[in-house]
Every structure is written in structure tokens, then in C-alpha cells.
Protein chains: 2
Amino acid sequence: MAPPRDALSHDRVLQAALALADAHGLAALSMRRLGAELGVEAMSLYRHVSSKEALLDAMVDAIVCGWIDPSADAPKDWRERLGAIMHRAHAAMLARPWSVELITVRPRVGDGRLRYAETVTTALLDAGFSPQLAHHGLHIVDGTIMGFTAQQARRPTAVALGDRVQSLYEGSLVDEYPGISRTIREHHDHDEEYALMVDLVIDGLARLRDGEPPRRTGLGADYALAIS
Amino acid sequence: MAPPRDALSHDRVLQAALALADAHGLAALSMRRLGAELGVEAMSLYRHVSSKEALLDAMVDAIVCGWIDPSADAPKDWRERLGAIMHRAHAAMLARPWSVELITVRPRVGDGRLRYAETVTTALLDAGFSPQLAHHGLHIVDGTIMGFTAQQARRPTAVALGDRVQSLYEGSLVDEYPGISRTIREHHDHDEEYALMVDLVIDGLARLRDGEPPRRTGLGADYALAIS
DNA sequence: CATCGATAACTTACGGCGTAAGCATACAGT
DNA sequence: ACTGTATGCTTACGCCGTAAGTTATCGATG
């Protein structure tokens with residue numbers, strides 16, 4: 001006969017969870033509602049998912065996995081390889097604003113995250129980075145993707161949040177915040193800005209590899225050893 | 001007589017909330033428990049805080065406010081000014097790991113966030129950045145602080161999460177993840193790495209100001225206009 | 001064909017959550 | 001002394017995640 005019934009499965013639950021979050025936001029993702037979406041009671045989900053936490057972790061991993069372009073791990077220039085993954089990640093996260101919250105916070109490492117890390121690390125090693133510097137590079141790329149995207153994903157809604165920002169636009173807070181008042185009206189395109197940041201970071205990494213460390217501020221820990 | 005009773009107040013609630021999160025984590029911060037901590041029923045808090053959301057926003061703002069050094073807005077070198085705020089922010093967030101989740105996600109802009117933005121923006125404008133570039137610079141600094149710190153704050157717990165990462169350390173996944181296997185054992189100091197990132201970013205900004213844009217990858221949007 | 005074991009889904013229940021609505025108390029200003 | 005107002009308390013509602021126990025379905029076996 002057919003498979004048991006409608007065959008609930010880990011993957012079906014996962015996909016439904018992604019769809020639900022896409023449609024109604026992360027806050028709307030409760031086990032009860034997810035069950036309803038699948039025509040099933042909440043508790044039935046626990047047959048396929050050990051806890052909600054585990055489900056969220058699986059969602060994160062599925063998304064991160066999408067950062068890697070499966071078609072082309074081609075031997076392009078390392079800058080292009082890094083840039084490509086950073087732009088894919090950015091696009092993927094902005095397409096699912098709710099994912100930012102999940103990804104920036106969850107420590108769990110799954111296959112998706114590992115494959116992503118492997119891709120970045122390999123690109124750097126292939127480009128002649130030392131293991132030490134490749135390690136730093138991964139974290140730098142990681143932080144750039146998430147921080148920058150988080151900050152952009154957060155911004156849109158800020159427009160609607162009222163008097164303070166509104167006043168800034170109207171210029172009525174010039175005395176209190178002269179700097180922001182001057183810059184707040186600047187043209188602002190997320191993708192442009194991100195492209196700029198990406199190139200800035202990649203360029204900085206290249207310089208590190210070539211032994212041209214950035215000019216030092218006297219602040220923070222000494223990283224002399226890190227780039228020797 | 002004495003003030004009404006023990007004089008609950010917005011500030012007392014806020015401080016208690018910060019203390020509670022510090023002591024037991026963000027998940028433990030419920031209105032009921034917060035009330036208990038203050039010797040009061042949950043609902044009494046709503047006299048001073050309009051909702052839990054508002055309270056969380058206030059917590060964020062209080063923390064961000066601490067990123068600015070109140071003593072010295074001195075006319076130091078702009079690199080030092082920027083570096084100082086970035087390191088203060090980093091330290092403040094790592095001291096309160098739970099704050100990362102809040103700050104990276106909440107769009108609300110309060111006075112603290114505005115004062116922080118003003119400080120960064122002013123430093124850039126004073127250094128001769130165009131308003132356009134100062135605007136980008138603020139976002140770049142913002143994203144760097146949050147992304148990098150988020151990524152570091154998330155890492156510690158990752159150690160305890162089991163077989164996958166463990167296996168990597170033991171080298172039993174060399175075939176599947178050769179790159180990571182080579183780099184994962186590298187020495188790793190959060191502060192060093194962050195100092196490196198900070199200098200890299202500041203250096204990149206300086207270069208932009210001086211009209212030496214980074215080498216371009218052909219990816220993402222065109223930012224020619226942004227740095228003209 | 002009758003029976004059984006396993007599997008998948010359902011039911012019930014518990015303790016906790018944020019907060020709306022209404023009530024009691026105690027003070028300050030007249 | 002009286003009254004308005006601020007402050008905190010009580011109750012209640014509808015959500016949440018999930019532990020524990022119950023039922024229905026199905027393929028394999030005698």
C-alpha cells in the first residue's frame with residue numbers, strides 16, 4: 001500500500017516550519033500551530049523532532065546550508081569565491097528576516113554550518129593564507145555576514161517607530177544630534193553598502209596575507225603574533 | 001514620612017531586570033519572576049513599564065548607552081575614537097552575553113542608541129569623511145561590533161555541543177572537512193581577533209576617505225556613487 | 001485468517017507565560 | 001475630615017512547551 005498515511009517526517013516538519021516562519025514570522029511558530037498547519041496535533045511532531053529547540057537548530061542549519069552555491073565550487077579567484085558566498089548569505093538572510101535572530105544567536109553547529117565554514121576556510125587556504133590567518137579570516141567573514149545583515153534587517157522597521165527618528169528627519173534635533181542630522185538623509189542602498197563592506201573586508205584580508213597589517217590603534221589586545 | 005513605600009520606579013525595574021538577566025540569563029527574565037525579585041506581584045510592574053517589550057527595549061538602550069565613554073569625548077585621533085568605542089562595545093556585550101540576542105534583533109531606537117550613533121558619526125565627520133561616507137561608516141562600524149561580538153559570544157557554548165565538533169578536533173573528519181580540520185586547532189584569542197578586525201575596518205574606512213577604494217569583486221551592487 | 005508487536009498519531013494535563021480588567025489601600029492637598 | 005489619585009494586588013484568559021498515557025493502524029507471523 002501507500003506509505004503509512006500522509007507520512008509525516010522530519011523533513012516535512014522542517015519544511016513546514018520554514019514556511020510558517022516565512023508566512024507569519026518567527027513568533028508565530030509554535031508547536032501547536034505548526035501541527036495545525038500539518039493537519040496534526042502538536043504532540044505528534046515530537047515523534048520526528050526531539051524538541052522545539054532542535055527544530056530551530058535544524059532550521060538554522062538548513063538556511064546556512066543554502067549559503068553555499070552547490071553548482072560552482074569552481075577554482076575562481078579567491079576574492080570572487082569569498083564574495084560570492086558573502087553575497088549569497090546576505091541575500092538569503094534578507095529574504096528571511098526572521099532568520100537573523102535565529103542564526104546570530106544559536107550556537108549549535110550542524111552540517112550546513114560546517115560545510116559553509118569549510119568552503120570559506122578552503123578558499124582562504126587555497127589563496128595562500130596561513131592556517132592561523134585562515135582561522136581568523138573565517139571568523140571575520142562570519143561576523144561580517146551576520147553583523148552587517150542583522151543591522152540591515154533590523155533597520156526597515158525602525159522607520160515606523162516614531163517621534164525620535166521622525167524628529168531627526170525633520171531636523172528638529174539638530175542641536176542634540178548634529179552629526180546624525182547631517183547624515184541621516186543620505187541615500188542608502190542596502191546592497192550597495194554591503195558590497196562596499198564585503199570588498200573592504202576582503203581587501204583587508206588580502207593585505208594581511210601579504211604582510212601589510214593595518215595601521216594600529218593602540219587599543220585592545222596585541223595581535224602581533226596572529227599575523228606573523 | 002518616607003517616600004510612598006519602597007518606591008518602585010521605572011529605573012528600579014530596569015536595574016532589577018538587568019541584574020536578573022545577568023544572574024540567571026535572559027530566558028529567566030519573566031514579569032512574574034522580576035516582580036518576585038522586587039518583592040512585588042508581576043502586574044505591579046506594569047505601572048512603570050508599559051509592556052515587557054518596552055522593558056527589553058529600555059534594557060538595550062541602557063547597555064548601548066554604556067558603549068560611550070562619558071569621560072573623554074576628547075579630540076583624539078579619529079582612529080582612536082572609533083577604536084575606543086568599538087572596544088568598549090565589545091567588552092560590554094561579552095560581559096553580558098545575553099545582551100547580544102537583544103541588541104542584534106531589536107529595531108527600537110532610544111536615546112542610548114542615538115548618542116552612540118552620534119558619537120561615531122561625529123568622529124567620522126570630524127575626520128573629513130563626507131556625510132555619505134560617514135553614513136556608510138556608521139553602519140559598517142555598527143555591523144562590525146554586533147556581528148563580530150555575536151559570533152564570539154555564541155562560540156563558547158559550541159564547545160560543549162558534541163560529537164561533530166569533537167570529531168573535528170580529533171581529526172576524524174579530515175576527509176569530509178579538510179580545511180576546518182587544518183585550522184580548527186589554531187590558537188584563538190577573542191580580544192586579539194577583535195582588535196585585528198577593528199583595525200582592519202578602520203583602515204578600510206581611512207582608505208575610502210582618501211579615495212583608495214578597495215579592489216572590487218565583480219559581485220553585488222555597484223557602489224561607485226557611494227564613494228564619489 | 002487470526003493474532004501480535006510496532007509505530008504513529010491523539011488526549012489529557014501541568015506549570016509557566018504576558019497581560020487585560022477590576023479592586024483595595026494609602027497618601028497629599030484642600 | 002474628605003476626596004482624588006497613585007500604587008500595588010487579585011483574578012482570569014488564552015497562549016506556550018512538553019511529560020505521560022492512550023488509541024488506532026498496519027505489516028509480519030503463526
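Keep in mind that this is a model prediction, so the values were computed, not measured. Because only heavy atoms are used, hydrogens play no part in the values below, and waters and symmetry mates are left out as well, while side chains stay in.
In this structure, A/Lys52 atom NZ and D/dA19 atom P are separated by 14 Å, rounded to whole Å. Across the protein-nucleic acid pair, A/His48 atom NE2 and D/dT18 atom C1' stand 17 Å apart, rounded to whole Å. As a whole-Å value, the separation of B/Arg47 CZ from D/dT10 P is 15 Å. The distance from atom CD of A/Glu41 to atom P of D/dG17 is 14 Å, rounded to the nearest whole Å. The OH atom of A/Tyr46 sits 13 Å away from the P atom of D/dA20 (whole-angstrom rounding). A/Leu55 has its CG atom 14 Å from the P atom of D/dC16, to the nearest Å.
Across C/dT19, D/dT18, C/dA9, the shortest atom-to-atom separation from the side chain of A/Val40 is found for C/dA9.
Sequence order on DNA chain D of the closest nucleotides to A/Ala28 and A/Met43 puts A/Ala28 first from the 5' end.
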Working note: A/Ile145 + A/His90, criterion side-chain contact (heavy atoms from CB on, under 4.5 Å); need CA distance, chi angles, decisive distance, verdict.
CA-CA 6 Å; A/Ile145 290 173; A/His90 184 245; 5.9 Å; no
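Although no hydrogens or angles enter the test, the distance criterion places a donor-acceptor pair under 3.5 Å between the side chain of A/Arg88 and the main chain of A/Trp67.
Using modelled atom types, one finds a donor on one side chain and an acceptor on the other under 3.5 Å when comparing A/His24 with A/Arg33.
In the region residues 29-38 of chain B, proximity to DNA chain D at under 4.0 angstrom, judged on heavy atoms, holds for B/Arg32.
B/Tyr194 and B/His87 have their aromatic ring centers within a separation under 6.0 angstrom.
For the pair B/Glu176/A/Leu114, no side-chain contact is recorded, criterion being any heavy-atom separation below 4.5 Å from C-beta on.
Summarising the local packing, CZ of B/Arg115 is surrounded by 12 or fewer heavy atoms from other residues, nucleotides or ligands at distances under 6.0 Å.
Phosphate proximity of C/dC10 to A/Ser44: present, with a side-chain N or O under 4.0 Å from OP1 or OP2.
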